Amino acid sequence: MKEALGNRLVEMGTALVVEGRERQPLANANELVNDIDGMPHAFVLACLVNRQADAKRAWALPLAVRDRLGGKFDMGTLAGLDETAWLELISSPTNLHRMPATMANVLYLGTQRIVDTYDGDASRIWSDTPSSTQVVRRFLAFHGAGQKIATMAANILVRHYCIPMADYRAIDISADVQVMKVLHRLGIIDSPTSRDDAIYAGREISPDFPGIFDVVLWRIGHNLCHQEAPECHVCKLHDLCPTA
C-alpha cells in the first residue's frame, strides 16, 4: 500500500511540475515577481517574507514597495535603504505584512546580501547551473530563511521558471502544517508535527526529487483534508488513504 501511495504521489507531483512549466508565470504572483530575468531580486525578497502571512500577500509585497517608491525597484535604490526606511515603507500608510518590524530587518539584510555576495544580481544564486544543495544553501544563508523557505524557493525555480540545476536531490518537502497533516493521515509519518520525519519520508519516496509532490500535499491539506469534515470523496488519494 505504501509503495502504491508513494508512486501515486510522485505521479501527481510530476504532473504538477509539467503543468507549472506550461502555465508560467508563477500563479498568484505579480509581474514584478514573475520578471525572473529582469528583476530576480523581487522573487528572492518575496520568498524571504513568505512566512507568517498569506502567500498572496507575500508575493504582492515587492509590487507594493515599488509603488511606494514611486515606481523604483532597482537594486541601487533598494540597497540605499536602511532598516528604518524599510520599516516605513512596509508599514505606512498600511502594513504590507503582519510583522513589519521583523520583515524590515529581513528585507534590509536581504538586499545587503544580494549586493555584497552577488554584486547586486540575485540571479547569481541560480545562474551557474548549481546543484540543488548549493541553491538551497544559498537561500538558507539569507537572514530569516529556514528550511521551508529555502526549499520552497528552489522548488518554484524548477517548477515554474525552468531554472536548470545539476540535480534536484536537495529540494525537500517544505514541511508545513498542511503537508505534515496529510502525510500523517496517509500513514506515512507517525506524528503530524514531526518535520524531520516528513522530510526524510519525502527523500525515501522520491530520492532524486523529494519535493516533487510538496505542492500536491499542500493543496490536499489546504483544500480538502480539513481538520473537521475532510472531503475525502474528491481526493485523488482516497482509495489509498487509511483514514479516508
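Values in this document were obtained by computation on a predicted structure and should not be read as measured data.
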Give a yes or no on whether Val106 and Val136 share a hydrophobic cluster (residues Ile, Leu, Val, Met, Phe, Trp, Tyr; joining criterion: side-chain heavy atoms under 4.5 Å apart). no

Can you find a pair of side-chain heavy atoms, one from Arg185 and one from Pro230, that are under 4.5 Å apart?
yes

Note to self: Show, in sequence, the C-alpha distance, side-chain angles and deciding distance for Asp197 and Leu183, and conclude whether the side chain to side chain contact (heavy atoms under 4.5 Å, CB included) test is met.
What the structure shows: CA-CA 10 Å; Asp197 197 12; Leu183 286 174; over 6 Å; no

ask   = Hey, are Arg66 and Glu31 close enough for a salt bridge, meaning a charged N less than 4.0 Å from a carboxylate O?
value = yes

So CZ of Phe213 and CZ of Arg8: to nearest 0.5 Å the spacing works out to 13.5 Å

**OP:** Test Phe209 against Val10 for side chain to side chain contact (heavy atoms under 4.5 Å, CB included), laying out the working first.
**Re:** CA-CA 9 Å; Phe209 192 168; Val10 172; over 6 Å; no

Of all heavy-atom pairs linking Ala42 and Leu32, the shortest is CB-O, 3.6 Å

Would you kindly say whether Thr151 and Asp172 are connected by a side-chain donor-acceptor distance under 3.5 Å? no

For Glu231, is the CD atom crowded, meaning more than 12 foreign heavy atoms sit under 6.0 Å from it?
yes

For Val135 and Ala154 the tightest heavy-atom approach is CG1-CB, 4.0 Å

* Asked: Is there a path of hydrophobic side-chain contacts, each under 4.5 Å between heavy atoms of I, L, V, M, F, W or Y residues, that connects Tyr200 with Leu186?
  -> no

| message | With no hydrogens and no angle check, just 3.5 Å: does a side-chain donor-acceptor pair link Thr102 and Asn105? | response | no

Value for CG (Leu140) from CZ (Phe142), rounded to nearest 0.5 Å, stands at 11.0 Å

For Ala198 and Met180 the tightest heavy-atom approach is CB-CG, 4.0 Å

Between the side chains of Asn223 and Arg219, does any donor sit under 3.5 Å from an acceptor? no

inquiry  = Test side chain to side chain contact (heavy atoms under 4.5 Å, CB included) on Val177 and Thr193; report intermediate values, then the result.
reply    = CA-CA 7 Å; Val177 63; Thr193 60; over 6 Å; no

Counting N and O atoms only, with roles assigned by atom type, does the side chain of Lys181 sit under 3.5 Å from a partner on the main chain of Gly221, one being a donor and the other an acceptor? yes

>> Between Asn34 and Tyr161, does the side-chain hydrogen bond (donor to acceptor under 3.5 Å, both in side chains) criterion hold? Intermediate values first, please.
In response: CA-CA 9 Å; Asn34 278 317; Tyr161 298 129; 2.7 Å; yes

Exercise for the section: Can you label the angle between the Phe43 ring and the Trp126 ring as parallel, tilted or perpendicular, going by 30° and 60°? Expected result: perpendicular

Worksheet item: Hey, does Ile125 have a side-chain heavy atom less than 4.5 Å from the side chain of Tyr118?
Response: yes

Q. Are Pro100 and Leu87 side-chain neighbours, meaning at least one heavy-atom pair lies under 4.5 Å?
A. yes

Exercise. Go through the steps to decide whether Met12 and Leu16 satisfy the test side chain to side chain contact (heavy atoms under 4.5 Å, CB included), and finish with yes or no.
Key: CA-CA 6 Å; Met12 293 169 67; Leu16 280 185; over 6 Å; no

Original post:
Quick one: do Ile156 and Ile199 end up in the same hydrophobic cluster if we chain Ile, Leu, Val, Met, Phe, Trp and Tyr together by side-chain heavy atoms under 4.5 Å apart?
Top reply: no

With a 4.5 Å cut-off on side-chain heavy-atom distances among I, L, V, M, F, W and Y, is there a chain of contacts connecting Leu9 to Leu224? no

#### Entry: Close side-chain approach of Pro130 and Arg138, heavy atoms under 4.5 Å
yes

Going by an N to O cut-off under 4.0 Å, is there a salt bridge joining Lys72 and Asp67? no

In this structure, CG of Asp121 is separated from CD1 of Ile114 (nearest 0.5 Å) by 9.5 Å

- Query: Do Arg169 and Asp208 meet the salt-bridge criterion of a basic N to acidic O distance under 4.0 Å?
  - Reply: no

Looking only at heavy atoms, the pair that brings Ala46 and Ala58 closest together is CB-O, 3.9 Å

Q) Are any side-chain N or O atoms of Asn30 and backbone N or O atoms of Val33, one a donor and one an acceptor, separated by less than 3.5 Å? A) yes

Query - Flag side-chain contact, heavy atom, 4.5 Å: Ile36 against Leu157 - result: yes

Between the NE2 atom in His184 and the CD1 atom in Ile188, the distance rounded to the nearest 0.5 Å is 12.0 Å

Taken to the nearest 0.5 Å, the spacing of Leu81 CG from Leu107 CG works out to 9.5 Å

Problem set entry | Side-chain donor/acceptor of Thr77 to backbone N/O of Phe73, under 3.5 Å | no

Fill in: Side-chain donor/acceptor of His97 to backbone N/O of Val49, under 3.5 Å
yes

Output for pair (Lys2 NZ, Leu240 CG), nearest 0.5 Å, gives 13.0 Å

If the plane angle is over 60° it's perpendicular, under 30° parallel, otherwise tilted; pick one for His222 and Trp218.
-> parallel

> Leu45 versus Leu61: any side-chain heavy-atom pair under 4.5 Å?
Replying inline: no

inquiry  = Before you tell me yes or no, could you show the steps for Asp167 and Ser132 under side-chain hydrogen bond (donor to acceptor under 3.5 Å, both in side chains), namely the whole-Å CA-CA distance, both residues' side-chain angles and the distance that decides it to 0.1 Å?
reply    = CA-CA 6 Å; Asp167 64 79; Ser132 56; 2.6 Å; yes

Q | Side-chain donor/acceptor of Asn95 to backbone N/O of Arg98, under 3.5 Å | A | no

Here the pair of heavy atoms bringing Leu48 nearest to Met103 is O-SD, 4.3 Å

Taking every heavy atom of Ala175 against every heavy atom of Arg195, the minimum-distance pair comes out as O-NE, 3.7 Å

- Query: For Tyr108, does its backbone N or O pair with a side-chain atom of Thr111 as donor and acceptor, under 3.5 Å?
  - Reply: yes

Handout entry: Flag, side chain of Gln112 to backbone of Ala79, donor-acceptor distance under 3.5 Å
Key = yes

When clusters are formed by joining ILVMFWY residues with side-chain heavy atoms under 4.5 Å apart, either directly or through shared neighbours, do Met165 and Val44 land in the same one? yes

Q) Are Asp214 and Lys148 close enough for a salt bridge, meaning some N to O gap below 4.0 Å? A) no

